[in-house]
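All residue numbers refer to positions in the sequence shown, counting from 1. Hydrogens, waters and symmetry mates play no part in the numbers below; they use all other heavy atoms, side chains included. Counting convention: from 1, in listed order, for ligands and their atoms alike.
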Amino acid sequence: MKLKSLILSVALSGTVLAVGAQSKAELTVNAEQGTYTISKHIYGHFSEHLGRSIYGGLWVGEDSSIPNINGVRSDIIEALKDINIPNLRWPGGCFADEYHWMDGIGPREDRPKMINTHWGGVVEDNSFGTHEFLNLCEVLGTEPYICGNVGSGTVEEMSKWVEYITFDGESLIANLRKQNGREEPWKVKYWGVGNENWGCGGNMTAEYYAGEYRRYATYARNYGDNRLYKIVGGPNSGDYHWMEVMMKNIPTGQKNGVSLHHYTLPTGNWSKKGSSTEFDENEYYTTITAAYYMDELITKHSEIMDKYDKNKRVGLIVDEWGTWYDVEPGTNPGFLYQQNTMRDAIVAGINFNIFNNHADRVHMANIAQLVNVLQALFLTEDEKMLKTPTFHVFDMYKVHQEATLLPIDLKTEEFQDVKGKTYPQLSACASMDKDGNVHISIVNADLKNGVDLSCALNGFKASKASAKIITSERINDYNSFENPEKIVMYDFDGVKVKGNDLSVNIPAMSVVTIALNK
Ligand code: AHR
């Protein structure tokens, strides 16, 4: 097998990948036991007024020489359509709780300027506002997810924002929308009632925020047939008290989802998070155990939610997740610009496997963030744009959108990082799409060892198998403007299927998705 793996590795990249000893693992996929649908919204996005996310990222303006649709880069629009972008969260983040939406409507030249105090103290000229955002969502065919201002706004302000966007009738505020060029209301479903209200969204206690939520949410009305899906500003990582209070103090009928924010830090230290590209094996594996912590968080938060909502009506909305490193040297510390390596692809795959396997409770997840910020899918430099390894993982995993989650049993080796935290060598998930085809995604986080995986397909006989892989020579490889396709998704032909049995060698440091046709 070692020789086979080596040959495969050479074929993949033209150069030899690190090949160590082979491990073994066993996977059972129960194809007849699917109950839950993997929401497409798990593959959601987030674009905040932060650094070069909107300005210099998505938004170039209608007069730009960079090809654009209504001022938004066409290359990014096209790529987002390719990955079936299901939703886009906006305008923040911390920015949401200091954003006053009325500053972002009307003729652009008349819009007031403000200071973006959270993110670099730069001037925000409000040229990208409600109309620009909602028109972009229409072009993308994606659901808007708007986060309202609780921290520094008023109940009236949030209430009127909903009315401005969705009311199809005569009112001062709906007429203002019409004057600004939009006759028909838009549809908006996902509505966040504040963001991180335990921190940048007002430094509130859980009890105080729960009371505020009830007041703000009451006046965020449903107009016509528009139905809001109201999302409570939820806990920071392992703050289980916050979740308990949200579930207890806010009746189920007054909320549809509760958010959860958790970032993957290599060092676990906010003042020295580690470089996005310069890291050693030890720091790589502490990043992996930090990524796996998401599973514990979702499990424990779900247990609390189950106590108050046993029918699982309320969604856990992981609306900020991803890696957070030190900013790239020489860039504005308030802009959160970082590179994206093969390590980020592994982290993305692990997180998707976790989210999919918790499809009963996780109704949405939004990576932070879309362009030029944190674990971005796209980096831009003037007219240049590149897709990061994380983009390719979104592309690979889109087959799971709206598919039925299949229960699995995975037996794989466990290892320890330098801090003594354990992680499994492989992570996996499986689903069946509406045509009855099965997809199995597997991440091998091991830097040196490939894994001989034997898989039993209970209740499913495959007529045909194919696969895709994302891997590279070194874990800190990345796509640059000079070499934008260093890491992409390849066809992978190492899968063997016979009846209900499948075998495959999963190369070290790779993300693989196998497609099985019935
Ligand atoms: O994604 C960057 C920031 O991280 C968001 O603005 C905030 O919600 C979180 O702390």
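Of all the heavy atoms of Trp119, the ones lying under 4.0 Å from any atom of ligand 1 belong exclusively to the side chain. Counting heavy atoms closer than 4.0 Å to ligand 1, residue Asn195 contributes side-chain atoms (C-beta onward) but none from N, CA, C or O. If you look at His118 next to ligand 1, there are no close heavy atoms at all, none under 4.0 Å.
In terms of heavy-atom proximity, Asn68 sits nearest to Gly71 at OD1-N, 2.9 Å. Nearest approach of Ile66 to Asp382, heavy atoms of both residues: CD1-O, 3.5 Å.
Side chains of Tyr285 and Gln416: a donor-acceptor N/O pair is absent below 3.5 angstrom, by distance only. Counted by atom type alone, Asp417 and Thr289 present one or more donor-acceptor pairs between their side chains at under 3.5 Å.
Heavy atoms of Phe95 come nearer than 4.0 angstrom to ligand 1 in no pair at all.
Here the protein heavy atom with the shortest distance to atom 1 (O) of ligand 1 is Tyr263 OH, 2.7 Å. For atom 10 (O) of ligand 1, the closest non-hydrogen atom on the protein side is Glu196 OE1, 2.7 Å. Taking atom 4 (O) of ligand 1 as the reference point, the nearest protein heavy-atom neighbour is Glu320 OE1, 3.2 Å.
Taking a cut-off of under 4.0 Å to the non-hydrogen atoms of Leu374, the atoms of ligand 1 that pass are 1 (O), 2 (C). Set against the non-hydrogen atoms of Cys94, the atoms of ligand 1 under 4.0 Å away are 5 (C), 6 (O), 7 (C), 8 (O). Ligand-side atoms of ligand 1 in range of Gln369: 1 (O), 2 (C), range being under 4.0 angstrom from any heavy atom.
The shortest N or O to N or O distance between Phe46 and ligand 1 is not under 3.5 Å. Taking only nitrogen or oxygen atoms, main chain and side chain alike, Trp324 does not reach within less than 3.5 Å of ligand 1.
Remark: Glu78 CD is loosely packed, at most 12 non-hydrogen atoms of other residues, nucleotides or ligands lying under 6.0 Å away. Sparse packing is recorded around NZ of Lys421, with 12 or fewer heavy atoms of other residues, nucleotides or ligands lying under 6.0 Å away.
Scored by the side chain to side chain donor-acceptor pair (under 3.5 Å) test, His118 finds no partners at all (sequence neighbours excluded).
Taking the six-membered ring for Trp and the full ring otherwise, Phe128 and Tyr55 have centroids separated by 6.0 Å or more.
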